[in-house]
2 protein chains.
Amino acid sequence: MSGADLDRLAATAIVITLRAGQSIIEEGGIARHFFTLTSGTARLFKSLPDARQQIVSFAGRGDLLGLAYGARYTTGAEAVDEVRLCRFSRQGLHDLADAFPDLKRRLLSITSNELVLAQEQMLLLGRKKACERLASFLVMRAGRTGDADAGTMARPAGGWVVSLPMRRVDIADYLGMTIETVSRNLTLLKARGLIGVNTLHQVAILDLPALECLAAGQ
Amino acid sequence: MSGADLDRLAATAIVITLRAGQSIIEEGGIARHFFTLTSGTARLFKSLPDARQQIVSFAGRGDLLGLAYGARYTTGAEAVDEVRLCRFSRQGLHDLADAFPDLKRRLLSITSNELVLAQEQMLLLGRKKACERLASFLVMRAGRTGDADAGTMARPAGGWVVSLPMRRVDIADYLGMTIETVSRNLTLLKARGLIGVNTLHQVAILDLPALECLAAGQ
DNA sequence: CGGTAACTTGAGCCGCTTCAATCCGCGTGG
DNA sequence: CCACGCGGATTGAAGCGGCTCAAGTTACCG
């Protein structure tokens, strides 16, 4: 996006700050806006009538929300921790996309990328065992090299440190399992010496190669 | 795509016919081409080293293969039954997309659509029970209103007839379960009077509302 | 410190997988 | 035209991984 594009878009922008748990996008609602996340983490999810939930992705700083859909939002979005975002008119983007082909290329690139991630997640949900899922999740989180506030990591003496701003129930809903299974397998990975659990929301990766191996299903 | 675009693209095209089981795209291979499927059905899949497989989608007539990826194919593709397709140069498409912004819009629309379907499938794989998965699959297949040769349906006296060109193992790999569970649940749905199994590759939907209800998780 | 929400741990159970046997459909050749 | 053979599908029995339910523990916040 060039500076001029951004300026025109910025004219319709509203800055919003939300606390943990508050709703950003209502699943099935009419898609009037889209958002850019400037700080914090959000969960994008789909639900079944009896409250079963599947988190489709976590969004961090710089990510766009509410884009890849038609007239209605097909996923909901909620704040995982304190979230700041800019709200834009959806129509504004469409006008802009018509005027600036480069923007379309950018949107295509973002969407393609999300599709590849979604397909990787389908492999995880359909075919991986619980501990492989958790390993995949931790490796993926470690790969977010500080591009999001909540996903920052550093390399202290103890190894890679991964921050997990979400609660266990979010991890469970992302990996298609229960909080108990998440908890048990975290303990398991810790007992095997692959990770260290520093606090509830911070995990140290002690043996990244072994974790990657597990994540790959070997 | 306008006629002129197609003409330029067609200059690089090669028509290919494959038998059931033959490979179209090798997972992880360098992405030199893309394909349009003109008849038959293909499976797109991702694999783990120990041969566990997840089918990410089935492609029918008119679908594009090998598009939404980077330098390498992130999913493999194989023929489910006899498949005819046109092979195009990937570079040709990129040149064309730069010259004709409308094509980009089209690609974005296709990719967005696939993303929405992928997210729906994540909900299925992560949170639905075996019989709900099978019901979802059959309803989805019934929804393909004859846009693909292999997915055609008609409405005879007995109800909607859905054609399933793929084998049970493909259905299992698509729904994240085993062939035995697929088979058992087909028998179950039949016993409940929701479907009738005409042949191995053709199922009659006798109670679509009930099947949709089951698919939605109610 | 107390209170509460979130997390961990334990015990028992259930749905799906695994392993194995049988059945069916279809093509082939006698 | 029918017997045979083979790959794929169904059915059965047993085991197990993850779920459910329940209790205990920890982190966090006023």
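The sequence lines fix the lettering, A, B, ..., with proteins before strands; numbering per chain opens at 1.
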Whether over 12 other heavy atoms sit under 6.0 Å from A/Gln22 CD: yes
Close approaches to DNA chain D from residues 176-192 of chain B, in residue order (heavy atom, under 4.0 Å): B/Glu180, B/Ser183, B/Arg184, B/Thr187
Salt bridge flag under 4.0 Å for residues A/Arg43 and A/Glu78: yes
Distance, rounded to the nearest Å, where B/Leu164 contributes CG and C/dG25 contributes C1': 17 Å
Nearest-nucleotide comparison on DNA chain D, the residue closer to the 5′ end among B/Leu200 and A/Thr199: B/Leu200
Distance, rounded to the nearest Å, where B/Asn198 contributes CG and D/dA9 contributes P: 16 Å
Between C/dT18 (P) and A/Arg127 (CZ): distance, integer Å: 9 Å
Nearest-Å distance for atom pair CG/P, residues B/Asp173 and D/dG8: 13 Å
Ion pair B/Arg52/A/Glu132, N-O distance below 4.0 Å: yes
Integer-rounded Å distance: C/dG15 P and B/Lys128 NZ: 19 Å
Aromatic ring proximity B/Phe88/B/Phe35, centre distance under 6.0 Å: no
Value in whole Å for how far the C1' atom of D/dC29 lies from NE2 of A/His201: 14 Å
A/Arg168 side chain, from C-beta outward: closest of C/dT8, D/dG18, D/dG8: C/dT8
Gap between atoms CG and P, on B/Asp170 and D/dG8 respectively (whole Å): 10 Å
Interatomic distance where NZ belongs to B/Lys129 and P belongs to C/dT17 [whole Å]: 12 Å
Heavy-atom side-chain proximity of A/Ile195 to A/Leu211 below 4.5 angstrom: yes
Salt bridge B/Asp173-A/Arg127, side-chain N to carboxylate O under 4.0 Å: yes
